[in-house]
Amino acid sequence: PTERYAVTPIDGGDAWSPTCFSERVAVECAVPPEAVGQPVELAVAQTVYVYAGPGEWNWEKVGNCHTDVTCRPEWADLAAGVAGIGSVGSAGFLWCTGSLVADSDPQTSIPYFLTANHCVKNQSEASSLEVYWMYQTTECNGTPPNPRNVPRTTGGADYLAGSTFSSGNDFALLRLRGAVPGGVTFLGWDSFATPTGRPALGIHHPDGSFKRISFGGIDQSVPLLFGISADRYYGVYWSEGVTEPGSSGSPLIDATTRHIIGQLYGGTSACNKPDGPDVYGRFDKTYPVVRDYLGPRLRVERPNGGEFFRQGTTQTIEWTSAGEGGTVRIQLLKRGGPFADIASDAPNSGSYHWPVPDKLPEAADYRIRITSNADATLTDDSDGDFSIASELRVTVLTPNGGENWPLGSRQSIAWTAPGVPGNVGIELLRNDAATLTIVESTANDGIHTWTLPESLTPGDGYAVRITALQLPDVS
């Protein structure tokens with residue numbers, strides 16, 4: 001043989017070698033000096049033979065509607081972080097796609113790798129995978145390289161975290177054991193939800209062929225078409241390109257932030273069905289599970305979403321900061337942007353007692369940002385919004401007494417709820433007793449349009465009650 005491959009043992013004593021690009025393979029077993037003369041048992045229990053040449057893997061199945069990723073050079077830096085996964089095991093040779101993801105420490109280059117859980121389900125499968133980098137053309141619609149000649153990371157990976165399709169969002173986070181080649185990109189990610197309608201793109205290896213790119217947009221009606229939760233999955237319709245088997249695990253990228261927002265589970269798109277939608281596991285749901293690996297060394301712990309700070313009281317802001325000293329800057333954010341400085345040079349002690357000003361606007365869209373003064377790259381924001389108000393209350397503005405609403409008419413229910421977090425529920429009362437749920441959950445935006453059912457009994461004594469769902473006592 002012209003190449004030598006090391007075999008990494010896995011749990012249980014079994015091991016799979018990397019793919020050997022040859023018709024003949026010699027197996028050598030090396031034992032430590034103290035074992036010389038002792039019985040050694042070695043069995044080649046199973047082989048996987050890829051009978052087609054590696055340059056022909058599944059090409060005959062790939063559709064002709066794909067866009068060569070090299071034809072879109074503005075995305076070349078992101079494409080360099082996407083790779084094909086060859087997984088050798090008892091099921092044979094399987095192909096998926098994954099992406100190299102960055103952690104929050106600019107001083108490290110740990111090869112964390114994101115893919116789908118149905119591609120790599122456990123440590124046994126992770127131990128036998130290999131990653132193919134730069135399997136793409138060098139010029140637009142040029143001749144792709146032979147996979148045996150592209151950079152490859154072998155030796156398997158450590159399975160760090162994951163969730164299945166049914167119990168979570170079908171993700172797997174791995175840490176590659178072998179080195180990654182030069183020139184690859186560690187991709188960024190967004191830990192917050194991406195709104196429907198946002199332009200997005202996917203970079204992938206359809207049917208195990210060379211790298212392609214697809215363009216479309218987020219549509220959160222799609223998961224419901226598949227009977228799955230939009231809280232855990234993003235839906236995508238494509239305007240250019242599609243995905244195919246082999247694209248599974250590939251990253252969904254927000255075209256605005258250029259960050260990963262999900263990984264491909266599956267769908268119905270194909271070259272003969274370009275209007276078929278696809279479904280991706282949401283990275284904002286992955287992040288809380290993998291935060292210990294990817295998250296910042298400096299982390300806001302409180303407030304971190306859902307808290308209520310009363311005006312005029314002293315509240316404790318808390319954070320963790322592994323191995324860091326010095327001082328930090330603490331900022332109050334509103335609607336995601338800086339609103340006020342709380343402290344510019346606070347000791348990096350993990351807590352700060354903040355007298356909440358009486359005159360801060362009452363609202364439920366505040367967050368805290370903490371930044372190291374020694375290293376501005378060490379920064380973190382609250383994961384969710386918290387509230388500031390003098391008290392939590394909901395005030396119904398319309399209807400508020402004396403209105404006459406005909407059956408079948410469309411009417412606007414209006415209210416104020418300063419500082420109340422989360423959604424609200426709206427009920428119809430008659431003589432102080434609940435008679436109808438108008439809406440179980442709606443945004444706390446102060447307005448809801450309702451069509452009065454024809455089945456309601458005409459009369460007086462009706463009222464509307466609005467309740468904060470996170471705080472049922474507030475209504």
Test side-chain hydrogen bond (donor to acceptor under 3.5 Å, both in side chains) applied to T164 and N117, step by step: CA-CA 6 Å; T164 65; N117 191 261; 5.7 Å; no
Candidate pair S351 and T316, rule side-chain hydrogen bond (donor to acceptor under 3.5 Å, both in side chains), full reasoning: CA-CA 7 Å; S351 65; T316 301; over 6 Å; no
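Cation-pi geometry between R282 and Y280 is not met at under 6.0 angstrom from the ring centre and within 45 degrees of the axis. A cation-pi arrangement is present between R72 and F215 under the rule of less than 6.0 angstrom and at most 45 degrees off the ring axis.
In summary, R393 and E362 engage in a salt bridge, as defined by a charged side-chain N under 4.0 Å from a carboxylate O. Between R258 and D77 there is a salt bridge, with a side-chain nitrogen of the basic residue lying less than 4.0 Å from a carboxylate oxygen of the acidic one. Under a 4.0 Å N-O distance rule, the pair D381/R367 does not qualify as a salt bridge. The existence of a salt bridge linking R177 and D158 is confirmed by a sub-4.0 Å separation between a basic side-chain nitrogen and an acidic carboxylate oxygen. Salt-bridge annotation for D383 and R291: present, with a side-chain N of the basic residue lying under 4.0 Å from a carboxylate O of the acidic one. Of the charged side-chain nitrogens involved, at least one lies within less than 4.0 Å of a carboxylate oxygen, so that D292 and R299 count as a salt-bridged pair.
No side-chain N or O of D254 forms a donor-acceptor pair with one of H259 less than 3.5 Å apart.
Residues passing the side-chain contact (heavy atoms from CB on, under 4.5 Å) test with R232, sequence neighbours excluded: N169, S229.
Applying the ring-ring contact (aromatic ring centres under 6.0 Å, His included) definition to pairs two or more places apart or across chains, those involving residues 160-185 are F165-Y233, F165-Y265.
Proximity of L264 to L252: side-chain heavy atoms (C-beta onward) are nowhere separated by under 4.5 Å. Looking only at side-chain heavy atoms (C-beta outward), E307 and S387 stay at 4.5 Å or farther from each other.
Residues Y132 and W95 bring their aromatic ring centres within 6.0 Å.
Using cut-offs of 30° and 60° on the angle between ring planes, the pair F386 and F309 is tilted.
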